[in-house]
Enquirer: 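I'd like to ask some things about the structure below.
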Amino acid sequence: MTNLFRLLRERFEPSLDRPSLVVRAGCGASAEWTCGELDQASARFGAALRGRGVEPGDRVVVQAPKSIEAVALYLGVLRCGGVYVPLNTAYTEREVDFFVGDASPRVVVRGAVAADSSDGGDPRTVDVDRLWREARAAPAEPAIEPRDDDDLAAICYTSGTTGRSKGAMITHGNLISNALALHEIWGFEPGDVLLHALPIFHVHGLFVALHTAFLNASKILFLPAFDAGVVRGLLPEATVLMGVPTFYSRLLAEPGFGSADCERIRLFVSGSAPLTEAVFGEFEARTGHRILERYGMTEAGMITSNPLRGERVAGTVGFPLPDVEVRVAGEDGAELPVAEVGTLEIRGPNLFPGYWRLPEKTAEAMRDDGFFVTGDLASVDGEGRVTLAGRGKDLIIAGGFNVYPKEVEDRLDEVAGVAESAVIGAPHADLGEGVVAVLVAEQAPVGDDTLRFALDAGLARFKHPRRFYWVEELPRNAMGKVQKNVLRERYRDAYDD
Ligand code: MCA
Ligand code: AMP
């Protein structure tokens, strides 16, 4: 159909002189950009990237702090037909090296890099501020590279059960269909103001939040990160907030937080991790708002959503988005009857075409009829409402960030003195789940500080276990497989204090 950016640009057109990104609490150098300024900045970034050799289909890896300029950079990549590869700012050099090696990008944009191309480092690497200086000196090249539905717009890395991250290839068609659907079903309207406190290196903050607001040419109050006090202070200026469940539990922990804080808000959206019925209920009791919970994943963007109008049921994730099909399958792959729990499979225009340079992993995840096996356990009731019932995949979600145990276990097993390890998630009041490591020593247990120091070298800190337990041996079943459910039960109180 078209380059996603062309669609967004069309929506900006009538509002070019209106505020688009309004930066609050020190997010970037500039205070406020209009839609027109954002458009111009993206055109300059597009020119600077072209100047660095970026051609349609080339990957541009970006690991940069959240800022107004970083948003323009994202749009600039789309504009010149590049493939945007966002990386979590918490990733260590070892993790970044893997992604750069895998994505084989033309350009790597980093925040505050010690040595970029100007200092004789990797010739592809450029500091984000330097690129911005280049962009400001470049002409605001209005060209928008033509793209087809199937052309890649982004590669988003998602960890795998094997411990090796996979790049989910996301097309312009995927992003356009999802953005238009969400804009419609969440009822975006003139005058909406989005309060944006999510990171912009994941689907939630980058695609879901920004695209819906851009399609509406809405004002976005742009925060560098989530801070409950700051967000509370800005709620009276906003109509929509999107967040992970931790946002809502932290708002509830603010003394006196309640309906007076939310008078202008029309929609609170939650996703990326389960919203507990307790938080849903308390939020409604305190504010009068029923949080709208939706469900998605990197490979498919948003998949289901509770309704804007109609019943939002706590503990459910609502109905499939328009044109999205869902079904529940048993272990043999056969479809299960209504209300039975099995693996959720999905198909639709939002579904990615596969994993970057991993055709065998793609084949494993796709059924012959084009359905994708999500790895999430779910049931669907007679009305089509989906309820998640846990995860088939060995995944921990802490504060909305995914942590794959195998990756953490691999790093722990490298530490001198560790014979083997098992990593699990335990209930965590603030983050939903916290990471726990159960270890077997070669001879004597290794100190927590030694473990942390060793992990620091190669593992982003949000993936670090904050609780370590030493045992004589790990519980195993007859096949020799570690019984993670036994460990989850045994250490379920790990974060109770
Ligand atoms: C920070 N830390 C964490 C997390 N965040 N540890 C575990 N899990 C986390 N999520 C650690 C840091 O490493 C640091 O540890 C310490 O906490 C303080 O860091 P700070 O940055 O101040 O953390 P925070 O302000 O408390 O952040 C918590 C947060 C944040 C606000 C919940 O993690 C967040 O914004 N999460 C949103 C994630 C998200 O956007 N997920 C969407 C992906 P130390 O001091 O030891 O270094 S999923 C997705 O896109 C799918 C498609 C979907 O459905 O949406
Ligand atoms: P990611 O790989 O980061 O895209 O994370 C996707 C995973 O997050 C999904 O497969 C689910 O397990 C989980 N997830 C997303 N939204 C929800 C939700 N509303 N409730 C429970 N889990 C969710």
Side-chain angles (χ1 to χ4, degrees), residues 65-66 86 88-92 154 156-161 165-166 168 170 174 178 182 196-209 223-231 242-251 269-277 279-280 291-306 314-318 343-344 346 350 352 365 372-378 386-404 408 425 428 430-435 452 455-456 459-466 495:
K66 185 176 176 183
N88 192 323
T89 46
Y91 288 152
T92 59
C156 296
Y157 279 90
T158 147
S159 295
T161 39
S165 287
K166 299 171 288 187
I170 318 286
N174 293 150
N178 219 225
L182 295 173
H196 193 298
L198 286 159
I200 55 168
F201 44 71
H202 277 313
V203 166
H204 196 166
L206 182 64
F207 300 152
V208 180
L223 298 176
F226 179 81
D227 176 301
V230 175
V231 164
M242 296 185 197
V244 294
T246 302
F247 283 21
Y248 296 103
S249 53
R250 286 192 187 175
L251 281 171
V269 179
S270 176
S272 309
L275 180 71
T276 63
E277 293 189 32
V279 170
F280 179 95
I291 299 170
L292 182 151
E293 185 172 9
R294 84 334 174 251
Y295 156 71
M297 63 192 303
T298 302
E299 289 89 336
M302 296 302 97
I303 300 165
T304 69
S305 173
N306 269 281
T316 80
V317 291
T343 300
L344 191 70
I346 62 148
N350 55 336
F352 80 142
F372 171 73
V373 183
T374 62
D376 288 312
L377 303 178
V386 178
T387 302
L388 295 178
R391 288 170 219 134
K393 51 195 175 190
D394 197 9
L395 163 69
I396 300 166
I397 305 185
F401 284 150
N402 290 4
V403 181
Y404 271 89
V408 186
H428 189 292
D430 179 40
L431 299 171
E433 285 183 286
V435 184
R452 286 199 193 98
L455 292 180
D456 262 343
L459 201 65
R461 290 187 70 97
F462 70 87
K463 300 177 190 169
H464 286 208
R466 309 288 159 139
Y495 284 100

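Since the structure is predicted, the reported quantities are computational estimates derived from the model, not experimental observations. Ligands are counted one by one from 1 in listed order, and the atoms in each one are counted from 1 as well.
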Enquirer: Answer yes or no: does an N/O atom from Ser270 fall short of 3.5 Å to an N/O atom of ligand 2?
Expert: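 No, there is no polar N/O contact under 3.5 Å.
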Enquirer: Please confirm whether Glu299 approaches ligand 2 to less than 4.0 Å, judged on its heavy atoms.
Expert: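 The answer is no: ligand 2 sits nowhere under 4.0 Å from a heavy atom of Glu299.
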Enquirer: Any idea which part of Pro274 is under 4.0 Å from ligand 2, heavy-atom wise: side chain, backbone, both or neither?
Expert: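 For Pro274, the contact with ligand 2 is made by both the backbone and the side chain.
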Enquirer: Can you tell which part of His202 has a heavy atom less than 4.0 Å from ligand 2: side chain, backbone, both or neither?
Expert: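 The answer is neither.
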Enquirer: Counting both backbone and side chain atoms, is some N or O of Arg466 under 3.5 Å from an N or O of ligand 1?
Expert: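 Looking only at distances, the answer is yes, because the N/O contact criterion of under 3.5 Å is met.
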Enquirer: Can you sort out which atoms of ligand 1 are near Ala398, meaning under 4.0 Å from one of its heavy atoms?
Expert: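 Ligand 1 atoms under the 4.0 Å threshold to Ala398: 7 (C), 8 (N), 9 (C), 10 (N).
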Enquirer: Using heavy atoms and a 4.0 Å limit, tell me yes or no: is Lys463 in contact with ligand 1?
Expert: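 False for this residue.
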Enquirer: Any N or O on Gly400 sitting closer than 3.5 Å to an N or O of ligand 1?
Expert: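 So ligand 1 has an N or O lying under 3.5 Å from an N or O of Gly400.
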Enquirer: Taking the non-hydrogen atoms of Arg294, is any one of them nearer than 4.0 angstrom to ligand 2?
Expert: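 It does; at least one heavy atom falls under 4.0 Å.
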Enquirer: Less than 3.5 Å between some nitrogen or oxygen of Thr374 and one of ligand 2, yes or no?
Expert: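 No.
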Enquirer: Identify the heavy atoms of Ala300 and Ile346 that sit nearest to each other, and give their distance.
Expert: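 Residues Ala300 and Ile346, closest heavy atoms: CB-CD1, 3.4 Å.
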Enquirer: Decide whether an N or O pair under 3.5 Å exists between Val244 and ligand 1.
Expert: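 No, there is no polar N/O contact under 3.5 Å.
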Enquirer: Which residues pass the side-chain contact (heavy atoms from CB on, under 4.5 Å) test with Pro199, sequence neighbours left out?
Expert: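 Pro199: side-chain contact (heavy atoms from CB on, under 4.5 Å) contacts with Phe201, Phe401.
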Enquirer: Does Phe352 reach the side chain of Cys156, with side-chain heavy atoms less than 4.5 Å apart?
Expert: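 They are not in contact (no side-chain heavy atoms under 4.5 Å apart), so the answer is no.
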Enquirer: For ligand 2, find out whether one of its N or O atoms is nearer than 3.5 Å to an N or O atom of Glu293.
Expert: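 So ligand 2 has an N or O lying under 3.5 Å from an N or O of Glu293.
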Enquirer: Which of the numbered atoms in ligand 1 are below 4.0 angstrom from a heavy atom of Pro199?
Expert: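 Here the atoms of ligand 1 in question are 35 (O), 37 (C), 40 (O).
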Enquirer: Using protein heavy atoms only, decide if any is under 4.0 Å from atom 20 (P) of ligand 1.
Expert: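 Given the 4.0 Å cut-off, atom 20 (P) of ligand 1 does not count as touching protein heavy atoms.
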Enquirer: Can any side-chain N or O of Tyr404 pair as donor or acceptor with the backbone N or O of Ser165 at less than 3.5 Å?
Expert: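 Judged by distance alone, no pair lies under 3.5 Å.
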Enquirer: Are any of the protein's heavy atoms under 4.0 angstrom from atom 3 (C) of ligand 1, yes or no?
Expert: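 Given the 4.0 Å cut-off, atom 3 (C) of ligand 1 counts as touching protein heavy atoms.
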Enquirer: Is atom 23 (O) of ligand 1 near the protein, in the sense that some protein heavy atom lies at less than 4.0 Å from it?
Expert: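 No, there is none.
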Enquirer: What do you reckon, does Thr246 have a nitrogen or oxygen under 3.5 Å from a nitrogen or oxygen of ligand 1?
Expert: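 In this structure, Thr246 places no N or O atom under 3.5 Å from an N or O of ligand 1.
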Enquirer: Ignoring hydrogens, tell whether any protein atom lies closer than 4.0 Å to atom 14 (C) of ligand 1; use the non-hydrogen atoms only.
Expert: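 Within 4.0 Å: no protein heavy atom nearby.
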Enquirer: If you measure from each heavy atom of Ile397 to ligand 2, is any distance below 4.0 Å?
Expert: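 The answer is yes: ligand 2 sits under 4.0 Å from a heavy atom of Ile397.
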Enquirer: Under a 4.0 angstrom heavy-atom cut-off, which atoms of ligand 1 come close to Gly296?
Expert: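 Every atom of ligand 1 under 4.0 Å from some heavy atom of Gly296: 54 (O).
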Enquirer: Considering only heavy atoms, does Val317 approach ligand 2 within less than 4.0 Å through its side chain, its backbone, both, or neither?
Expert: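 The part of Val317 near ligand 2 is the side chain, not the backbone.
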Enquirer: For Thr298 versus Ala168, what's the shortest heavy-atom pair and its separation?
Expert: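 The answer is CG2-CB, 4.0 Å.
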Enquirer: Looking only at non-hydrogen atoms, which of Ala460, Ala197, Ala90, Gly399 approaches atom 37 (C) of ligand 1 most closely?
Expert: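 Nearest option to atom 37 (C) of ligand 1, by heavy atoms: Gly399.
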Enquirer: Give the atom numbers and elements of ligand 1 that come within less than 4.0 Å of a heavy atom of His204.
Expert: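 Result: 42 (C), 50 (O), 55 (O).
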Enquirer: Kindly give the heavy-atom pair with the smallest separation between Tyr248 and Gly243, and that separation in Å.
Expert: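 Heavy atoms of Tyr248 and Gly243 come nearest at OH-N, 3.8 Å.
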Enquirer: I need the atoms of ligand 1 closer than 4.0 Å to a non-hydrogen atom of Leu431, numbered in the order shown.
Expert: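 Counting from 1, the qualifying ligand atoms are 7 (C), 8 (N).
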Enquirer: Taking only residues two or more places apart in sequence or in another chain, which ones pass side-chain contact (heavy atoms from CB on, under 4.5 Å) with Ala197?
Expert: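 So Ala197 forms a side-chain contact (heavy atoms from CB on, under 4.5 Å) with Leu223, Phe226, Val231, Phe247.
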Enquirer: Using a strict cut-off of 4.0 Å, indicate which atoms of ligand 1 neighbour a heavy atom of Arg250.
Expert: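 Per the distance check, 24 (P), 25 (O), 26 (O), 28 (C).
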Enquirer: For ligand 1, which atoms, with element, lie under 4.0 Å from some heavy atom of Thr298?
Expert: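 Reading through ligand 1 atom by atom, the close ones are 52 (C).
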Enquirer: Counting non-hydrogen protein atoms only, what is the nearest one to atom 9 (C) of ligand 2? Give residue, atom name and distance.
Expert: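 Ranked first by proximity to atom 9 (C) of ligand 2 is Asp376 OD2, 3.3 Å.
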Enquirer: If you have a sec, work out which protein heavy atom is nearest atom 3 (O) of ligand 2 and how many Å separate them, to one decimal?
Expert: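 Nearest protein contact, heavy atoms only, for atom 3 (O) of ligand 2 is Asn402 ND2, 2.9 Å.
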Enquirer: Do His464 and Leu459 come within less than 4.5 Å of each other through their side chains, counting heavy atoms only?
Expert: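 Yes, side chains in contact.
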Enquirer: Around atom 17 (C) of ligand 2, find the nearest protein heavy atom and jot down its residue, atom name and distance.
Expert: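 Of every protein heavy atom, Ala273 N, 3.6 Å lies nearest to atom 17 (C) of ligand 2.
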Enquirer: Quick check on atom 8 (N) of ligand 1 - does any protein heavy atom sit closer than 4.0 Å to it?
Expert: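 At least one protein heavy atom is under 4.0 Å away.
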Enquirer: Please classify the Val203 to ligand 1 contact at 4.0 Å (heavy-atom distances, strictly less than): side chain, backbone, both or neither.
Expert: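 Answer for Val203: both.
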Enquirer: Within the 4.0 Å heavy-atom shell around Leu198, which atoms of ligand 1 are there?
Expert: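 Checking each atom against Leu198, I get 40 (O).
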Enquirer: Would Asp376 and Lys393 pass as an ion pair if we require N to O under 4.0 Å?
Expert: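 Yes.
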